[in-house]
Structures are given as C-alpha cells and as structure tokens.
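What follows is a set of notes on a single structure, which appears directly below.
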Amino acid sequence: VGNQTTLMKFFTKA
Amino acid sequence: MFEARLTSAATLKKVLEAVKELLNEASFDCSDSGIQLQAMDNSHVSLVSLTLRSDGFDKYRCDRSLTMGMNLASMSKILKCANNDDTVTIKAQDDADTVTFVFESKKQEKISDYEMKLMNLDQEHLGIPETDFSCVIRMPSVEFARIVRDLAQFGETVLICCTKEGVKFSVSGDVGSANVKLAQTNNFDKEEESVSIEMQEPVSLSFACQYLISFTKATPLSPRVQLSMSSNVPLVVEYEIAELGYIRYYLAPKIED
C-alpha cells in the first residue's frame with residue numbers, strides 16, 4: 001500500500 | 001446458550017456487507033452486553049470495530065461469553081437465503097463448534113435454519129486509546145460515499161484538509177487533479193443533510209482511497225457518517241446503527257514524505 005504505515009504503530013496490543 | 005434475534009434480517013445483511021470486503025473471517029465476541037467484533041484487514045492498515053448492543057436485539061440471551069469465529073463468505077451465502085423482512089435468530093450452544101441461523105418469514109409459514117461450522121481464529125486485539133480529535137466532521141453518508149468514489153478515479157491517495165470553514169478532499173494522479181470542498185452548513189431544519197465541523201485545530205492527512213471505498217460499504221446502515229481526525233493518528237470513520245450500536249473503521253494515515 002505504498003508508504004502506508006500500519007495501525008500497530010498507533011495502537012497497543014490489548 | 002447463546003441466542004440473539006433481530007426482527008429484520010436486512011440489518012444483519014447490511015452489517016455483513018459493511019465488513020466482508022475488508023475481512024475474510026472474523027471473531028464475534030458475544031457477552032451479556034452484546035456482540036463485538038474487532039479485526040484488522042490482511043495488511044494491518046485498517047481496523048474494523050463493530051458493536052451490537054444486547055438491548056438493541058428483539059431477544060438476547062448469553063449465559064456464558066463465547067467467541068464465534070466465522071468465515072464471512074460462508075456467512076454471506078447463508079444470509080443471502082434470508083428475505084430482508086425475515087426474522088433472524090443466531091443460536092449457539094455453550095462450547096459449540098457450530099452456529100445456527102434461523103430465518104422466519106413474517107407470517108411464520110416458512111422457517112429455515114442454516115448451521116455453519118465455526119473457526120478457531122487467532123486474532124490479536126488492539127487497545128485503542130481514547131483520543132481527543134482535532135477535527136470531527138459529520139456529513140451525510142451518501143455524500144461521503146459519492147466524494148470517495150468520484151475522487152478514487154483520479155488517484156490512489158486522498159488528502160483530507162479540515163479547517164473551521166469546511167473540509168476539502170483532494171486527489172492527484174496521471175490524469176490531473178480533483179478537489180471537492182464542502183462548507184459547513186447551518187441547515188438546522190434539515191439536520192440529516194447538514195455538514196458540521198467541530199475543530200480544535202486544522203488537520204491535513206492523506207489516506208488510501210481503496211480503504212475509504214471499503215468503509216463506504218456501511219452507507220446503507222446510517223444516513224450520517226462521522227470522520228474524526230488528528231495529526232498522525234488513524235482516521236476514524238463511524239456509522240451509527242440505529243438503536244443497535246455502531247461500526248467504526250480506523251485507517252492509518254500515509255506517512256509524510
């Protein structure tokens with residue numbers, strides 16, 4: 001997805 | 001014993017349509033408070049969070065919390081067998097490895113049941129922090145779907161700029177560029193058609209069109225959509241499901257070059 005970052009960067013694992 | 005009944009299968013069909021483009025399978029967590037689903041798409045760029053409250057069902061019983069892993073393509077095949085105005089009941093025994101969908105016609109002259117095998121899905125749950133967003137935009141869901149569909153023709157990435165005057169969606173690509181500006185309206189007598197913006201500070205963020213298009217599959221669930229944005233945190237696109245709950249999509253922003 002190009003220079004798309006992932007959600008992991010923003011959310012912690014519950 | 002788990003049992004959840006909705007008078008109209010149409011609602012469940014719409015919910016499934018809203019998630020099945022992003023997810024191949026999903027775990028439905030059922031508890032006393034209702035049904036919840038949280039799952040990331042395969043590329044881990046977007047996340048779907050669905051809440052259906054128990055008090056929104058016509059009948060709801062959940063003696064013990066259970067997680068039902070379902071293949072959404074199979075679930076879709078089953079729900080296509082229901083008429084929109086059929087009553088639908090989802091049933092499962094405690095510790096069951098199957099779920100049953102029962103469809104009843106309005107006059108009760110036709111009753112069908114479909115049993116589906118459950119899956120063991122190892123899904124990681126993300127902790128989503130409460131965020132005070134810089135901009136919250138509310139607009140007609142059909143308008144949002146239209147803008148996203150129109151602009152996606154001209155590029156892969158849409159830039160959303162929100163100020164207190166309005167919100168601007170911009171795309172550029174090989175063909176050229178396109179901009180759609182929506183002004184905040186003061187249309188108090190037609191609230192459903194209004195565009196409202198709550199802004200703490202202006203925000204500009206870029207997102208992949210492809211995901212926004214997938215999110216707009218939820219349009220039939222709600223006349224309104226809410227977009228929440230802050231710099232460098234995921235966009236939240238929320239559709240309320242009347243008297244039942246909501247579906248929220250989180251999308252990571254494109255990284256600044």
Side-chain angles (χ1 to χ4, degrees), chain A, chain B residues 22-23 27 29 36-49 67 122-131 133 152 155-159 171-173 205-215 228-237 248-257:
Chain A
V1 202
N3 57 344
Q4 189 77 59
T5 174
T6 70
L7 283 169
M8 288 297 197
K9 193 179 158 210
F10 304 101
F11 299 147
T12 54
K13 280 188 196 176
Chain B
L22 288 165
L23 312 172
S27 286
D29 297 319
Q36 285 196 305
L37 178 161
Q38 194 208 81
M40 279 188 282
D41 74 281
N42 293 334
S43 55
H44 288 198
V45 165
S46 72
L47 179 137
V48 180
S49 175
T67 295
D122 188 22
Q123 288 193 332
E124 45 193 347
H125 275 242
L126 293 182
I128 302 167
E130 285 288 317
T131 309
F133 288 97
E156 288 177 4
T157 303
V158 60
L159 175 68
V171 164
S172 61
L205 288 170
S206 294
F207 301 99
C209 291
Q210 163 204 340
Y211 287 95
L212 297 178
I213 287 178
S214 295
F215 302 166
S228 304
M229 301 201 297
S230 282
S231 287
N232 297 314
V233 302
L235 163 76
V236 188
V237 179
R248 288 182 189 145
Y249 302 94
Y250 295 82
L251 179 61
K254 292 253 187 180
I255 302 163
E256 301 283 336
D257 285 326

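Within every chain, numbering begins at 1; the chains are lettered A, B, ... in the order of the sequence lines, protein sequences first and strands thereafter.
Contact between Val45(B) and Leu7(A) at its shortest, heavy atoms only, is O-CG, 3.2 Å.
For Thr131(B), there are no side chain to side chain donor-acceptor pair (under 3.5 Å) partners at least two apart in sequence or on another chain.
To the nearest 0.5 Å, atoms CE (Met8(A)) and CG (Leu47(B)) are separated by 9.5 Å. Between His44(B) atom NE2 and Phe11(A) atom CZ the span is 13.5 Å, to the nearest 0.5 Å.
For an aromatic pair to be called close, the ring centres must be under 6.0 Å apart, and Tyr250(B) with Phe10(A) fails this.
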